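What you see is a predicted model; the values in this text were computed from it and never measured. Throughout, protein chains are lettered first and strands after them, A, B, ... in sequence-line order, and every chain is numbered starting at 1.
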Protein chains: 2
Amino acid sequence: MTPETIKIACSNCNLRELCMPIGLDTAELERLDQIVATRRKVKRRDTLFRHGERFTSLYAIRTGVFKTRVTTADGRDQVTGFQMAGEIIGLDGIVNDRHACDAVALEDAEVCVMPFERIEALSREVNGLQRHVHKIMSREIVREHGVMLLLGSMRAEERLAAFLLNMVQRLHARGFSESELMLRMTREEIGSYLGLKLETVSRTLSKFVEDGIAEVQQRHVRIVDAAALRRIVDSPAC
Amino acid sequence: MTPETIKIACSNCNLRELCMPIGLDTAELERLDQIVATRRKVKRRDTLFRHGERFTSLYAIRTGVFKTRVTTADGRDQVTGFQMAGEIIGLDGIVNDRHACDAVALEDAEVCVMPFERIEALSREVNGLQRHVHKIMSREIVREHGVMLLLGSMRAEERLAAFLLNMVQRLHARGFSESELMLRMTREEIGSYLGLKLETVSRTLSKFVEDGIAEVQQRHVRIVDAAALRRIVDSPAC
DNA sequence: CGGGAAGTTGACCACCCTCAAATCTGGTGG
DNA sequence: CCACCAGATTTGAGGGTGGTCAACTTCCCG
């Protein structure tokens with residue numbers, strides 16, 4: 001909860017390609033900088049926002065990894081996604097002016113706070129931004145379709161294979177290794193996301209190790225045989 | 001594929017409260033009418049759009065029920081939702097200018113075709129419309145969170161109970177009975193949506209009948225004890 | 001009115017969950 | 001700096017939920 005007032009312009013942010021629209025001219029780019037009100041640091045385990053809180057802003061992740069989760073009155077909860085640098089969170093809050101899920105930092109993190117009113121005002125004038133906002137929301141809808149497919153029709157191995165491939169692919173797009181990754185979440189959080197129990201996640205990872213598909217040391221995972229993982233994901237339902 | 005050119009204005013459409021923004025003045029309301037280019041009739045089993053097709057428009061459902069589904073190369077498929085009058089479909093197409101899922105009519109249906117360029121142009125000028133578009137997309141994101149919760153952490157009975165309650169609630173909002181509904185989809189389609197096999201859907205429905213919770217005659221369902229269904233949904237995970 | 005799709009039900013079993021115990025890790029305080 | 005402890009992870013044994021396969025019935029739709 002330490003609001004940071006240091007401003008770094010979007011126009012020279014190294015995450016611009018991931019988080020902001022491309023194809024804007026210089027004048028438009030400078031107007032974009034107005035969108036980010038402040039930066040905010042969030043410590044590990046702290047929430048960026050919590051379900052029920054008033055919605056005011058979207059957040060662009062600068063550093064760190066978040067999880068979002070929905071919780072029910074009876075104590076069930078479901079991780080709905082893991083978000084990393086360059087990704088936008090908070091879209092769930094727009095419908096009802098209140099957030100519908102919690103966003104929790106899995107490691108110390110920093111976000112750009114973008115008041116939604118500013119986004120709306122500017123996107124009325126900068127067509128590229130308007131389109132970009134629409135695309136971000138649409139992308140989230142399509143992503144969730146993919147998760148529904150995973151939860152609705154894949155077996156444990158397939159889910160975990162898809163999860164690992166997805167994580168490593170997103171990390172690779174951010175300049176990290178194509179084959180090694182450091183998981184920022186527990187087995188239980190992975191399980192919640194994939195609709196599995198933590199023991200099943202652990203066992204399935206062990207199986208990948210046995211089969212020579214991956215090497216696992218706690219949170220550190222090295223994908224030895226990515227092709228095998230892809231084969232598991234694409235295996236015709238069994 | 002029979003484009004209908006008959007135009008009926010949004011401003012006097014009886015579904016306006018469901019599908020269009022409220023709180024617009026008369027002048028703004030009339031401009032809204034420009035959004036709907038045409039009507040289009042879709043026959044049972046026909047697709048309104050198909051995954052891979054170029055995205056041009058959103059569709060507001062006037063009559064009929066649709067399902068949307070994603071399919072994978074290896075033949076898996078997953079129903080991602082059932083949509084009824086007043087709901088908007090096609091949002092998945094915005095990200096990549098191509099549709100990411102199929103929309104299939106479960107009965108003869110009619111939709112309003114709303115070219116997305118027109119929506120974007122007008123929402124730059126009518127703030128209420130801009131906000132409304134954002135809310136519609138956000139609502140879809142939140143709805144999918146709910147489905148993820150269902151698929152990730154509920155058992156068969158709970159899923160089906162949640163499904164029936166959700167259907168009847170949406171139908172009730174459209175002026176239909178609070179306790180009776182006619183399912184427009186097969187057991188297999190329900191199963192795909194809920195991550196269950198059709199036999200499990202059938203068995204679970206039979207169990208509801210045994211327990212005096214519902215009466216089922218094929219696609220016709222009468223909810224006898226809605227409270228019991230709610231209890232099943234809210235039962236602490238078990 | 002007939003054929004085919006949709007739905008129901010039963011038997012069996014696989015996959016994943018539950019419960020339990022042991023081990024490992026990283027952070028904290030003495 | 002080390003000991004300790006809570007939390008995270010692994011692994012095992014056993015059981016239950018829902019999947020699979022199959023047969024039969026019912027209901028539309030053409």
State whether the side chain of Arg76(A) and the backbone N or O of Ser153(B) hold a donor-acceptor pair below 3.5 Å, judged by distance alone.
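Yes, because the side chain of Arg76(A) sits within donor-acceptor range (under 3.5 Å) of the backbone of Ser153(B).
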Verify, without hydrogens or angle tests, whether Thr80(A) (side chain) and Thr68(A) (backbone) share a donor-acceptor contact under 3.5 angstrom.
yes
Would one find a side-chain N or O of [X] under 4.0 angstrom from OP1 or OP2 of [N]?
X         : N       : value
Thr186(B) : dA6(C)  : no
Arg187(B) : dT8(C)  : yes
Arg203(B) : dG10(C) : no
Thr200(A) : dC17(C) : yes

From CG of Leu150(B) across to P of dG18(D) the rounded distance in Å is 12 Å
Between P of dT17(D) and CZ of Arg155(B), the distance in whole Å
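Nearest whole value for this atom pair: 7 Å.
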Of the options dC16(C), dT8(C), dG19(D), whose atoms approach the side-chain atoms of Leu198(B) most closely?
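Looking only at side-chain atoms, Leu198(B) lies closest to dT8(C).
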Remember a base hit wins even if backbone is also touched, and classify Arg159(A) as base, sugar-phosphate or nothing at under 4.0 Å, heavy atoms.
nothing
Go through the N and O atoms of the side chain of Glu157(A) and the base of dC16(C), and report whether any donor-acceptor pair is under 3.5 Å.
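Between dC16(C) and Glu157(A), which were checked side chain against base, a qualifying N/O pair under 3.5 Å is absent.
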Can you find a donor-acceptor pair, distance only, under 3.5 Å between Glu199(A) side chain and dC16(C) base?
no
Verify the ring-centre separation between Phe82(A) and Phe66(A): is it less than 6.0 angstrom?
no
Parallel, tilted or perpendicular: which describes the rings of Phe55(B) and His99(B), with under 30° parallel and over 60° perpendicular?
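Phe55(B) vs His99(B) ring planes: perpendicular.
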